[in-house]
Amino acid sequence: MSIEDKLDDLEEALEEQLEENHEECKWIRANGELTLVAPREQLLAVMQILRSHHDLGFEQCIDVCGVDYAAYGHSEWNAEDAPNTGFSRGAERETVTDFQAESRFAVVYHLLSLSHNVRLRVKTFLDADYPVVDSVTGIWNGANWFEREAFDMFGILFNGHPDLRRILTDYGFIGHPFRKDFPLVGQVEMRYDEDKGRVVYEPVTIEQRTLVPRVVRHDYRYEEGRELVKEEEQADG
Amino acid sequence: MAEIRNYTLNFGPQHPAAHGVLRLVLEMDGEVIQRADPHVGLLHRGTEKLAEHKPYNHSIPYMDRLDYVSMMCNEHGYVGTIEKLLSVEVPERAQYIRVLFDEITRILNHLMWLGAHALDVGAMTVFLYAFREREDLMDCYEAVSGARLHAAYYRVGGVYRDLPEQMPRYEMSHLGSEKEMKYRNQAREGSLLDFIEDFTERFPGYVDEYETLLTDNRIWKQRLVDIGVVTPERARQLGFTGPMIRGSGIAWDLRKKQPYAAYDKVDFDIPIGSNGDSYDRYLVRIEEMRQSNRIMKQCVDWLKNNPGPVMVGDYKVAPPPREKMKDDMEALIHHFKLFSEGYSIPESEAYFAVEAPKGEFGCYIIADGANKPYRLKIRAPGFAHMAAMDEMTKGHMLADVVAVIGTMDVVFGEIDR
């Protein structure tokens, strides 16, 4: 059975199980993967179905991760208008403020069914001010640390998590480092102070550099046009 | 009567059996563990955030530094995700080379694990034996990439270059005698593939040596049997993968179940355990080394008979050859754009996982059309295993903690990322 057949079956099973109470759930199929987008109020109920129904049977939660969509599609270097205006040399780096607050964060779950040998991605969007979602640790115990990590890195809160502490950052760390408004070089630097006889924290003195600017291209090269270019090349050569 | 008190014990981060920088806070009742709280993150470098600020290709060397004893498997997970996003077809020869080096990496990793595990439990000899073979395999790494550890050999669209025709040899110096040089260069007369073939002939004998030292060893069995038992149900619940889930008796291996590269064209078996204890996981990994050896042999045979390209000809993602740039303007432009700006990936997202020696290593990339990933999430197998530390050590003695750390095969480069 090919992956595509399995995804067909999975879509069918999802339709059957979710149509009654969870019609807001939508799924997208791309790159040979299925992504289920569930509203956060229904997440726990949907996950329960995904775990326990035998047609779905997602026994394993492989990964949970947070995403911050604040700077999505943001370009540091304007390449779209460049043919008309010419390139500027500097890369702009201003804090992005025009993001959509109601769907700034997302939590992405990667589920794996050992019995059906198929994967499913579940995504739920959270707002910027109050990013809270129900914890799935009761369904998959292995999600515990992954949720702690998402909390540590993005400040996403998991309702009902047994032990929501920071996990990867230093003791006493302030902020959530993977948020898009957290600078790459960080906020503080640490050194040993001879006089005080202890380690002290100070604001960072190094400046963030952009070696290669971030460029968004909606170029024919990377989309449908790619096939065309290849065919042309073959015809030439 | 003496008063009995509960202790809180700090284990690591400088403890030699903590495999790097693990800090364990153990709550003990006498010598029995009541709760184990691993404090991880001492090696946190923010790999994922760094990758968001670099063009796609620049992050390949970061992957080597995640699980720094199974370097090329990590690279495979990363470049595989990008290839999935761009729908790049990797040439067949490159796929076989990847399988060959994934298996070399698996043996490298398992040897490191075996040596360290045995050392933790009290057997010094195995460590020295294991490093003897690791030396040969790291020479293979060096022959293809120039680096013994951090190879950056897998690239999007294939591998950096084809296997060398001549295996590098030891040169005469004032330190060694001619006889010794001759002995050391014995297997290095031919190509890299000849060297690997020679290794695959020798290796099963070496595994027998390790087994003679350990498998029926009374002390080894006393330390491992019935330690850290995980039932199949718990293994699924806790998100175990790789040898950890196979030790519990579940025949799950991505190389078989969701084949990538050329794994569907090679023949091998998946060993599984029956009791889910540390001893079973030891047996599983030993057998995996033998199976890896089998795969390597098949790859060597295929690679010897099938020359061909090892990189795609699509110059949007792979650099054009130097000769072509001399008289082709297009090639020169491609080269310049590729190395200055890199390639952009249209808005999409993908997850791709490989069976790394420790379990499922996967990368999840969200692309927003830019030349850098919008979000890269690295799913490291050790992270899920480490999370089960509390459950696996509860009720065991302090000395067994060391055995459980050993059996998990943890490396903090990937757990802390």
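Every chain is numbered from 1 and lettered A, B, ... according to where its sequence line falls, protein lines coming before strand lines. Worth knowing before you read on, the calculation uses all heavy atoms, side chains too, and leaves out hydrogens, waters and symmetry mates. Quick caveat: nothing in here was measured; it's all calculated off a predicted structure.
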*Segment of Gln237(B) engaging chain A (4.5 angstrom heavy-atom cut-off)*: both

*Residue pair Asn74(B) / Tyr78(B), side-chain heavy-atom distance below 4.5 Å*: no

*Can any side-chain N or O of Lys358(B) pair as donor or acceptor with the backbone N or O of Ala380(B) at less than 3.5 Å?*
no

*Answer yes or no: is there an ion pair linking Arg29(A) with Glu4(A), defined by an N-O contact shorter than 4.0 Å?*
yes

*Of the backbone (N, CA, C, O) and the side chain (C-beta and beyond), which part of Ala388(B) lies under 4.5 Å from a heavy atom of chain A, both, or neither?*
neither

_Taking side chain as everything from C-beta outward and backbone as N, CA, C, O, which of these in Lys123(A) sits under 4.5 Å from a heavy atom of chain B? Side chain, backbone, both or neither._
side chain

*asked:* Less than 4.5 Å to any heavy atom of chain A: does that hold for the side chain of Pro38(B), its backbone, both, or neither?
replied: both

*Does NZ or CZ of Arg121(A) lie under 6.0 Å from the centre of the six-membered ring of Tyr364(B), at an angle within 45° of the ring axis?*
no

*Pick from Gly362(B), Gly369(B), Gly46(B), Gly239(B): which one has the most heavy-atom pairs with chain A under 4.5 Å?*
Gly369(B)

_Heavy-atom pair count under 4.5 Å with chain B, highest-scoring of Val108(A), Asp170(A), Asp163(A)_ = Val108(A)

*Check whether Lys377(B) gets within reach of chain A through its side chain, its backbone, both or neither, counting any heavy atom under 4.5 Å.*
side chain

_Residue pairs passing the salt bridge (Lys or Arg N to Asp or Glu O under 4.0 Å) test where at least one lies in residues 239-254 of chain B, sequence neighbours excluded_ = Arg246(B)-Asp253(B), Arg246(B)-Glu288(B), Arg246(B)-Glu355(B), Asp253(B)-Arg255(B)

*Let me know if Arg166(A) has heavy atoms under 4.5 Å from chain B in its side chain, its backbone, both or neither.*
neither

*Applying a criterion of heavy atom separation less than 4.5 Å, what residues of residues 142-149 of chain A form contacts with chain B?*
Gly142(A), Trp145(A), Phe146(A), Glu149(A)

*Determine which pairs satisfy ring-ring contact (aromatic ring centres under 6.0 Å, His included) with at least one residue from residues 36-58 of chain B, sequence neighbours left out, and list them in order.*
Tyr171(A)-His39(B), Tyr56(B)-Tyr343(B)

*Among Asn371(B), Leu238(B), Ile250(B), single out the residue with the greatest number of heavy-atom pairs under 4.5 Å to chain A.*
Asn371(B)

*Per-residue contact mode, Leu50(B) against chain A (heavy atom under 4.5 angstrom)*: both

*Measure Glu52(B) against the heavy atoms of chain A and call it side chain, backbone, both or neither at under 4.5 Å.*
both

*Are any of the side-chain nitrogens in Arg119(A) or Glu360(B) under 4.0 Å away from the carboxylate oxygens of its partner?*
yes

*asked:* Using 30° and 60° as the class boundaries, would you call the ring planes of Tyr374(B) and Tyr69(A) parallel, tilted or perpendicular?
replied: parallel

*Identify, with sequence neighbours excluded, every residue that meets salt bridge (charged side-chain N to carboxylate O under 4.0 Å, His left out) alongside Lys394(B).*
Asp390(B)

*Nearest 0.5 Å, what's the CG-CH2 distance between Leu112(A) and Trp252(B)?*
4.5 Å

*Contact check, side chains of Val118(A) and Leu34(A), non-hydrogen atoms, under 4.5 Å*: no

*Parallel, tilted or perpendicular: rings of Tyr260(B) and Tyr263(B) (30°, 60°)*: perpendicular

*What option among Glu391(B), Glu233(B), Lys84(B), Lys54(B) has the most heavy-atom pairs under 4.5 Å with chain A?*
Lys84(B)

*Heavy-atom pairs under 4.5 Å with chain B are the metric here; pick the option from Ile139(A), Asn117(A), Asn31(A) that has the most.*
Asn117(A)

*Donor on one side chain, acceptor on other, Arg23(B) and Asn10(B), under 3.5 Å*: yes

_Atom pair CZ/CE of Phe240(B) and Met408(B) - distance to nearest 0.5 Å_ = 6.0 Å

*Engaged part of Arg236(B) at the chain A interface, taking heavy atoms whose separation is under 4.5 Å*: both

*chain A contact via Leu254(B) - side chain, backbone, both or neither, heavy atoms under 4.5 Å*: side chain

*In terms of heavy-atom proximity below 4.5 Å to chain B, should Glu33(A) be classed as side chain, backbone, both, or neither?*
side chain

